[in-house]
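Below is one structure; the comments refer to it alone.
In listed order, ligands and their atoms are each counted from 1. Computed from a predicted model, the values in this text were never measured in an experiment. Every heavy atom of this structure was used, including side-chain atoms; hydrogens, water molecules and symmetry mates were not.
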Amino acid sequence: MRVYILTLFPEMFPCVLNASILKRAQDQGALKVDLVNIRDFAVDAHGTVDDYPYGGGPGMVMKPEPVFESLDWIRGQIEDEPYVVLLSPQGYTFDSAWAKEIAQKENVVLIAGHYEGFDERIRILADTELSIGDYVLTGGELAAMVVLDASVRFVPGVLGDDDSAWEDSFSHGLLEGPQYTRPRVYRDMSVPEVLLSGNHDAIMRWRRKEALRRTKERRPELLEKARLTYEDRRLLEEIEKEQSNLIEA
Ligand code: ADE
């Protein structure tokens, strides 16, 4: 996957790009990231990228020309049409389905808006507009990093087989249950016996049950959408009984 990030603040990115899995993905050649400074495409000698809003009002608005020009430049660099994502609080809510969709694209452009907003004509450039949540960031850069990080996990070869993105929480529709590592007892807190039992079936069953329990407690709306087996429903009944026993006790 090749990703171009259009931003007025390219200096925000290297820390994130040069660590951990994003770094490894680039070293392996599974990901290539180009930071494109929108200011380099300003159409006047002062490098102006924003202007006052027509009709008045507070704040500045990002001008259309530098964004259009930078996207034209990117189009000249690659053969295929890129998939263009505009980051904005008005977009569709980004989730793991979007991450999988983006991971399938060969060339992706992430446009990080700034200032109070951007000229409406910029929207025409985007194939989709994504928000990372119902809050307003100072700019789209952090959102672009979130989208990149979550999407690259679905690019084949980026994660090892052991920690495949397809195996985790939101791919299964359930939250993951608790995990433990050594030591067996720490400050009087013990690892559940079943995990030490060596009984693979019992461990799998326990893990599934705890994933169901956690999802029921924290994100009950995910349970409604999840594909549950007959066995899952039985485990949920067990959990409900345990809860009512706890309340009675
Ligand atoms: N830009 C500002 N706030 C944002 C948000 N919540 N998501 C995506 N881009 C943004």
Side-chain angles (χ1 to χ4, degrees), residues 1-17 19-22 25 31 33-42 47-55 57-71 74 82-105 107-155 165 168-171 218-219 221-222:
M1 180 165 69
R2 179 153 193 186
V3 181
Y4 290 87
I5 301 176
L6 294 194
T7 171
L8 289 166
F9 298 96
E11 66 275 18
M12 287 177 73
F13 290 86
C15 254
V16 169
L17 293 174
S20 186
I21 292 180
L22 286 179
L31 171 69
V33 182
D34 285 282
L35 298 169
V36 179
N37 193 338
I38 296 171
R39 200 176 294 280
D40 292 344
F41 295 86
T48 308
V49 289
D50 61 333
D51 208 336
Y52 295 98
Y54 273 122
M60 301 291 274
V61 175
M62 262 172 81
K63 288 166 69 59
E65 308 96 305
V67 181
F68 275 73
E69 298 281 330
S70 43
L71 196 56
I74 290 170
Y83 185 72
V84 181
V85 179
L86 181 61
L87 284 316
S88 125
Q90 296 181 15
Y92 296 109
T93 305
F94 179 69
D95 62 7
S96 102
W98 276 109
K100 287 173 201 170
E101 170 89 18
I102 290 168
Q104 281 164 25
K105 311 289 182 192
N107 297 295
V108 177
V109 177
L110 302 175
I111 306 177
H114 237 272
Y115 301 110
E116 298 298 308
F118 40 79
D119 186 285
E120 185 66 20
R121 289 165 289 188
I122 289 173
R123 287 209 151 88
I124 202 177
L125 299 173
D127 293 301
T128 193
E129 195 168 322
L130 296 177
S131 161
I132 60 160
D134 288 342
Y135 38 79
V136 179
L137 301 164
T138 53
E141 282 75 13
L142 289 168
M145 291 184 220
V146 167
V147 167
L148 173 63
D149 188 280
S151 301
V152 89
R153 298 177 69 249
F154 290 100
V155 172
D168 61 33
S169 291
F170 293 101
S171 285
R218 301 189 180 186
R219 299 290 304 277
E221 80 284 6
L222 292 180

Next on the checklist: Is it true that, when you exclude Y135 itself, more than 12 heavy atoms of the residues, nucleotides or ligands shown sit nearer than 6.0 Å to its OH?
Outcome noted: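 Yes - once you tally the heavy atoms of other residues, nucleotides and ligands closer than 6.0 Å, there are more than 12.
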Next on the checklist: Any heavy-atom pair between the side chains of V67 and F118 that's under 4.5 Å?
Outcome noted: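 Heavy-atom side-chain distance check fails, nothing below 4.5 Å.
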Next on the checklist: Quick one, F41 and L71 - any side-chain contact, counting heavy atoms below 4.5 Å?
Outcome noted: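 Counting from C-beta outward, F41 and L71 never come under 4.5 Å.
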Next on the checklist: Donor-acceptor check, side chain of S20 to backbone of L22, threshold 3.5 angstrom: yes or no?
Outcome noted: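 No; judged by distance alone, with no hydrogens or angles, the pair does not exist.
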Checklist entry - Hey, is the main chain of Y4 close enough, under 3.5 Å, to the side chain of D34 for a donor-acceptor pair? => result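 Such a contact is absent between D34 side chain and Y4 backbone.
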Checklist entry - Listing by chain and number, which residues have a heavy atom under 4.0 Å from ligand 1? => result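 Within 4.0 Å of ligand 1, protein side: L87, S88, P89, L130, S131, I132, G133, Y135, V136, L137, G139, G140, A143.
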Checklist entry - Got a sec, which residues hit side chain to side chain donor-acceptor pair (under 3.5 Å) with E221, two or more places apart in sequence or on another chain? => result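 Expected list: R219.
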